[in-house]
Structures are given as structure tokens and as C-alpha cells.
Peer 1: 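Got a structure here, written out as C-alpha cells. Questions coming.
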Amino acid sequence: MNDRNNRGGNGRGNSGGGRPTDRRDGPSGRNFRNDSDARRGTGSANRPPEPPLPDDVVPQDLDTEVRRDLLSLDRTNADTVSRHLIMTFRLLDEDPVLALEHARAARRRAGRIAMVREAAGIAAYTAQEWAEALSELRAARRMSGGNALLPMIADCERGLGRPERAIDVARSDEGRALTGEDAAEMRIVESGARLDLGEFDKAIVTLQTKDLDPARVGTDAARYFYAYAAALLAAGRRDDAITWFMNAASADDDDVTDAEDRLMELAEPDPAAEGPDAEPALLAPVHAEAPKAVSEVSAPTALKEVPEQVVPQLVPAAPAEPGARLRDGYDVLLLDLDGTVYAGKNEIPGAKDALDAGEQRNYYVTNNASRSPVDVAEHLQELGFRAEPDQVVTSAQSAARLLAEQLPMGSRVLVVGTDALVHEVRSAGLGVTRSADDRPAAVVQGHSPDTGWAILSEAVLAIRAGALWVACNVDATLPTDRGLQLGNGSMVAAVANATGAQPQVAGKPASPLMVDAVNRSGSKTPLVVGDRLDTDIEGANAIEADSLLVLTGVSTAADALNAPEAQRPTFIASDLQGLNAAADDVIVGPRPGWHVSVLDHTLTVVAQDGADPAAVLYAVLHEAWSRETSTKWIVEAAEEVAQSALMSAGLLA
């Protein structure tokens, strides 16, 4: 069998690294029993020779609390023991055999001190001297009275070929009482012991706890995921094993496991596996047959039924009191970012001051899936806005939720997008791949400036093979400080053209993102604020929320004039200062002093005495929207005052 599936390198367990060193190679280094130079140690006539201690290793380098345990020794002996302990832990990774020699030297000098016996046990464990490790660890546990060493004790029983005893230790009252990482480590060991006994299903179940959270990162998470992947592979669940090897590789910031190597082995046939001495197929990381072309493979994971979107029940805003500001009728502002609050790297003039003029909670709702909430919040803070990551709601988060609601936990998802989108997918309990060859159950597509032909082609292959497809948004353009640039929707259109398929959409104007924002904020009377009719305003209308269109981004007054009913805002303002205007001043409706007549598809505007030039936009929009027509309106002025006002409003060229 492939020993890495149920041994942890120098240690055991079925993870990719042992406790505590997580090395994958066997013991190496000098054997002091056969090295005459090593016999010039510090031993006395009654003490075996000890390994030499470098001059630069001084007792003071040992942790103060550990040195305190050595106070019962005379000063000279305590200093020598301290130096041997320093060398023990310095050499655990690079030379476990030499580390063990130093630990033995310390033990001979201070065998009645629990910490010294523990160090000797760990060193023996790392060097795979199982019997010696078991003896030392048991002694250290008796002397200290704690249970933290139980996982290593159980693993030593495995190393001695006694998996039943390892399970007994794990299932003992003391073993069951472990918590945190100690409990997780014990489950890894117990799972490995189950594999030793051929109890593959029990090995899998042992590890199915809350620790299987793909959003976790770091050594502990990587080892736990690796152990679970190894158990799945042993049980013949190869596809699931690949997913968890991927999760292990992603979590493995310090490269303590060989998860990436295992993935490479699983991706390529092993010629040796076909020979007469090949290992049993159950654990050998090879293909049972030549891999099929992606076009011949259907998505391997059965999809759950698409959940019905539950739209929060909103409360209509109370009628504004005379002179009340627009914002005063709402409990939360759901703000778009690009084109509304900032343009690229720069604040839209006056945006911060406008938002600071009220007490509402602000939530920033963005279709852009390329940045994490943390990055967005930091950008806002740099510009002077008050914002925390939990106030940022992204289409990447909503897309990940859509996937998690339709896929079993651990399913593979091909990600077209940035690492921020990858993180959200993993946080939803799903595995990540960038290749259609891994037979992903779904494809999620979000904006990334690095998206190119290669990854789009991987998405096409996976979708044509039957994968679920979720798009973070379908914005054709992306506002930047240089102007409108290519948006995610344009790249989604390319994939749609190549597959004949249409994605589920998470971002605005689809309701998932807006629903998530309302739920996150807990709002009952939100006001949606944005610069795009086809995303922000249509998204607000999808959940029957009031909206404010600001003319600082994509959509213009002329666009609003000809907007279909689903894209018509409740209020319009030139910028975010409209939040602090009287509600009656920015709502679409008739205005005194302005007369608008209609002939065919032409709106003719006349200014009467006392007409406010700033009010002409609302009067014209009211007249246009009150008519049923799909033809574009033509606006003309009947006299100079109207002409000047219409030009200022953006309704005349």
C-alpha cells in the first residue's frame, strides 16, 4: 500500500505530516553510534558519550518557562541539559536521528523532569523509534498529569503494529475529553488506525466534523484535510479525495504535506502500477483506466434542487414630513461602489461628506467579485469612508451561496476569477479547481483582469460537459478612473456563445445579491443607491425597494428618460448629496412652472413663471414614464429658458 495514506512522514496518522514536525522524508543524518567523532561529547566515565554541543548554543536560548523546570538541577548540569534540549528541537526537522541523540543525552542527565522526558518522547517519535517514544511519552504523561500527549501515544501503538490499541486510546474517557487541536489530532490518528484495519468507512466518519471547513488555512487544517482525503482515497472515492487533496494543498501555507504531489499523481497514470508488483488498486494513486476526454464526461455530482429565492418582506417608507431629507425615511443605505461612491482609485467628489451627514448604517453592495470584503473596506477607509468588512456585500459571496445551496459539500468548482472569489467558494465548503479535467460539478465566473482565453476555454469545456454555471454578474462594462472598460458580462457572453448555455446570475439586477444585502443589514426600509439603471435600480425593483439613481457613473438622464419600467428609480440626483435633499425635491413627478406636452414621441417643454431649472428633469421623466411606449423619446425646448434647463439636465445634446 502507499504508506503515505496512513502514515504521517516521521510521525504517523493518515495525514501528510507527523506530529510535531510534519516531515515527509525518512530519518537522515549522522548515526552517532557509528561516528567516532561524536564520541568526544560531554559524557563522564559513568555516562555514555554525548553528541557535541556547538559553542553558539547557550542555555539562555531555551524558553524561560522550560528553564525554570530545570532549577532542581545543579547549575552546570542544568546548562548542559538546556543546550541539549535546544539542539533537540533545532534538529527535529533536518536530522531527527541526531535530535534523538541530544534528547537521550538530556534524559540521562535529567530523567526525573517531565519536560525532558516529553522532549525525548517527541524526538523518538519523530525518528520513528516507536517503542522508545511510547515509553518516554507515557512517562512524561504520568509525571505531568496531562492528556495532550495521548494522540502521539496512540500513534506509537500504530507504529508498533497495534492499531486496535491506538483505537482504544482514542476512545478512552481521556481521549474523548480532548478538545481543540488535540482532539483533531486524535481523530487523525484514530482514522489512520481504522485504515490499518481496513475499516475505510469508519475512517472517513471519524474525521467528519466541523474541522472539515475548506475556509480554514494553516498547518493544522492542511493535515486534517489531507487525512480526510487519504481516507476517501482508501475507500475508493477518488473524485472526493481529489477535492480534499486540493483543499489541503490550498490550506498548506507552510508546505508541510505533499498534497500537491498527490494531486499530480492522481492526475497522471502511474506505469509502475500496471506491473506484476503493483500495489493494490484501492490505495494506489493511479487511474483505473485511461482518463476520458472532458467532452465524454458528465458532471459527476448530482445537483440539489434549485432553492426558491426568499425575498425579505420590506416595509414601505413612511411619507416624508415637510422639509424632511430623503435619507430620513430609511433605516439602511445599500450603496453601490464603482460610479457611486468612488471611480476607480478616487472618491467621487463630495461622496464622503454626503454619507457622513446622516446616521444610517451604510452597506456597500458591489457586483465586482474581484476583491475581497477586506480589500474593499480598506480601500474605502483609505478614501476616508467609515467601512468595515462585514459592511461589504459582494457578488462573489452571493455566487458562493448559490453554489453551496445546490451542491454537496466538498464538490469541485472551476473558478474563473480572482483569489477573492476562490476564497468565497472555499468558505462555502466547496473545493476549487482551474481545470475542466478535474470534472468540476460547477463553474463560477467573476471578473478578473487576468482572465484570458485559456481559463475561459476550461469553463466552456466544463459547462459543455454538464457543469452548473453561476456568473457573479453580467455587467457588460466596468467603470474605472479611465472610463468604461470590459466587464464580466462581456466575458460571460463569450462563454454563453460557445456553449449555448445561460448562467444563473448572483449579482445585480438578479435578486440574490440584493437579498443577501438586506439580510446582512437586517433592514426593513432600505434605500438602494447606485449609478446604473440596468443593475442597481433594476436590482432594487426586483426586491421592491425604493432606489436613488445618482448621475455620477454609467447611466445618464437620457438613459433614465427611456428606461423600461423595471429600471426606473424612485428618486434621481446628480450625486450622493441628493440623500440630504428634501425627498420631494428628488422624486420623479410633476413640478410647478414646467409644462410638458406630448405629440407622437416628442416631448415639448415650456418654462413658465417661477420655473426652477433644476426641477425640469423630474417633470420630463414623469410625463415620459406616465405614457406607454417602447419608442425612444425626443425632447425639444419651446423657448430659451427651457432649452438652457434641458441642456443642464442632460436631456438635450
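This is a predicted model, so every value here is computed, not measured.
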Peer 1: Output the distance between atom CD (Glu136) and atom CZ (Arg141), rounded to the nearest 0.5 Å.
Peer 2: 15.5 Å
Peer 1: Report yes if the side chains of Leu380 and Gln391 come closer than 4.5 Å at any heavy-atom pair, otherwise no.
Peer 2: no
Peer 1: For Leu137 and Cys156, work out which heavy atoms get closest and say how close.
Peer 2: CD1-SG, 4.0 Å
Peer 1: Is there a donor-acceptor pair closer than 3.5 Å between any side-chain N or O of Thr80 and the backbone N or O of Thr76?
Peer 2: yes
Peer 1: Can you tell which of His447, Gln445, Glu458 makes a side-chain contact (heavy atoms from CB on, under 4.5 Å) with Val416?
Peer 2: Gln445
Peer 1: With the side chain counted from C-beta on, respond yes when Val444 and Cys472 share a heavy-atom pair under 4.5 Å apart, and no when they do not.
Peer 2: yes
Peer 1: Examine distances only and state if a side-chain atom of Tyr224 and a backbone atom of Leu207 form a donor-acceptor pair shorter than 3.5 Å.
Peer 2: yes
Peer 1: Answer yes or no: is there an ion pair linking Glu190 with Arg187, defined by an N-O contact shorter than 4.0 Å?
Peer 2: no
Peer 1: For the pair Glu65 and Arg68, find out whether any cationic side-chain nitrogen is under 4.0 Å from an anionic carboxylate oxygen.
Peer 2: no
Peer 1: Using the rule given for side-chain contact (heavy atoms from CB on, under 4.5 Å), can you reason through Thr394 versus Asn368, listing the C-alpha separation, both sets of side-chain angles and the distance that settles it, and then say yes or no?
Peer 2: CA-CA 7 Å; Thr394 72; Asn368 191 335; over 6 Å; no
Peer 1: Please evaluate residues Ile113 and Leu73 with respect to the criterion side-chain contact (heavy atoms from CB on, under 4.5 Å), reporting the C-alpha separation (whole Å), side-chain torsions for both, the decisive distance (0.1 Å), and the verdict.
Peer 2: CA-CA 10 Å; Ile113 296 177; Leu73 304 176; 4.0 Å; yes
Peer 1: Check Leu195 against Ala234 and note the closest heavy-atom contact, atom names and distance.
Peer 2: CD2-CB, 3.8 Å
Peer 1: Do Leu70 and Leu62 have side chains that get closer than 4.5 Å, going by heavy atoms?
Peer 2: yes
Peer 1: With side-chain contact (heavy atoms from CB on, under 4.5 Å) as the criterion, how do Leu134 and Arg162 come out once you've worked through the C-alpha distance, each side chain's angles and the decisive distance to 0.1 Å?
Peer 2: CA-CA 12 Å; Leu134 184 60; Arg162 302 189 298 233; 3.5 Å; yes
Peer 1: Sub-3.5 Å donor-acceptor pair from the side chain of Ser191 to the main-chain atoms of Thr206, do we have one?
Peer 2: no
Peer 1: Could you measure the distance from the CG atom of Leu149 to the CD1 atom of Ile122? Nearest 0.5 Å is fine.
Peer 2: 6.5 Å
Peer 1: What are the two closest non-hydrogen atoms of Pro151 and Val189, and how far apart are they?
Peer 2: O-CG2, 3.6 Å
Peer 1: Keeping the roles fixed (side chain from Arg216, backbone from Phe225), state whether a donor-acceptor pair exists under 3.5 Å.
Peer 2: no
Peer 1: Working note: Asp155 + Arg158, criterion salt bridge (charged side-chain N to carboxylate O under 4.0 Å, His left out); need CA distance, chi angles, decisive distance, verdict.
Peer 2: CA-CA 5 Å; Asp155 216 13; Arg158 287 190 62 216; 3.5 Å; yes
Peer 1: So, are Arg165 and Asp168 salt-bridged, with charged N and O less than 4.0 Å apart?
Peer 2: no
Peer 1: Is there side-chain contact between Glu101 and Glu50, with at least one heavy-atom pair below 4.5 Å?
Peer 2: no
Peer 1: Under 4.5 Å between any side-chain heavy atoms of Ile455 and Leu414, yes or no?
Peer 2: yes
Peer 1: Quick one: do Glu157 and Arg138 make a salt bridge, cutoff under 4.0 Å?
Peer 2: yes
Peer 1: Examine distances only and state if a side-chain atom of Asp196 and a backbone atom of Pro163 form a donor-acceptor pair shorter than 3.5 Å.
Peer 2: no
Peer 1: Decide, yes or no, whether a salt bridge links Glu185 with Arg223 under the criterion of side-chain N to carboxylate O below 4.0 Å.
Peer 2: yes
Peer 1: Any side-chain donor-acceptor pair under 3.5 Å between His84 and Arg109?
Peer 2: no
Peer 1: Would you indicate whether the side-chain heavy atoms of Arg104 and Glu132 approach each other to under 4.5 Å?
Peer 2: yes
Peer 1: Is there side-chain contact between Leu178 and Asn147, with at least one heavy-atom pair below 4.5 Å?
Peer 2: yes
Peer 1: Between Val169 and Ser172, what is the shortest heavy-atom contact and its length?
Peer 2: O-OG, 2.7 Å
Peer 1: Does anything in residues 415-436 pair up under side chain to side chain donor-acceptor pair (under 3.5 Å), and if so which pairs, sequence neighbours excluded?
Peer 2: Ser250-Arg426, His423-Ser427, Thr433-Asp438
Peer 1: Any donor and acceptor pair, going by atom type alone, linking the side chain of Arg371 with main-chain N or O of Val376 inside 3.5 Å?
Peer 2: no
Peer 1: In Å, rounded to the nearest 0.5 Å, how long is the span from CD of Gln128 to CG of Leu100?
Peer 2: 12.0 Å
Peer 1: Tell me the closest heavy-atom pair linking Val425 and Gly431, and the distance in Å.
Peer 2: CG1-O, 4.1 Å
Peer 1: Return the CZ to CG distance between Arg67 and Asp79, rounded to the nearest 0.5 Å.
Peer 2: 6.5 Å
Peer 1: Does any non-hydrogen side-chain atom of Tyr228 lie less than 4.5 Å from one of Gln208?
Peer 2: yes
Peer 1: Roughly how far, to the nearest 0.5 Å, is the CD1 atom of Ile167 from the NZ atom of Lys202?
Peer 2: 8.0 Å
Peer 1: To check you understand the geometry: which heavy-atom pair defines the closest contact between Ala120 and Ala103, and what is its length?
Peer 2: CA-CB, 3.8 Å
Peer 1: Distance check, rounded to the nearest 0.5 Å: Met246 atom CE versus Leu266 atom CG?
Peer 2: 9.5 Å
Peer 1: Salt bridge or not for Asp258 and Arg262, using N-O below 4.0 Å?
Peer 2: no
Peer 1: Is the distance from the ring center of Tyr226 to that of Trp244 below 6.0 Å?
Peer 2: no
Peer 1: Within the supplied structure, the quantity of interest is the number of heavy atoms (other residues, nucleotides, ligands) at a distance under 6.0 Å from Asp55 CG; does it exceed 12?
Peer 2: no
Peer 1: When you measure from the side chain of Ser398 to the backbone N and O of Ser395, does any donor-acceptor pair fall under 3.5 Å?
Peer 2: no
Peer 1: Is the backbone of Arg117 close enough, under 3.5 Å, to the side chain of Arg107 for a donor and an acceptor to pair up by distance?
Peer 2: no
Peer 1: I'd like to know if the side chain of Asp74 and the backbone of Asn77 have a donor-acceptor N/O pair within less than 3.5 Å.
Peer 2: yes
Peer 1: I'd like to know if the side chain of Arg194 and the backbone of Ile204 have a donor-acceptor N/O pair within less than 3.5 Å.
Peer 2: no
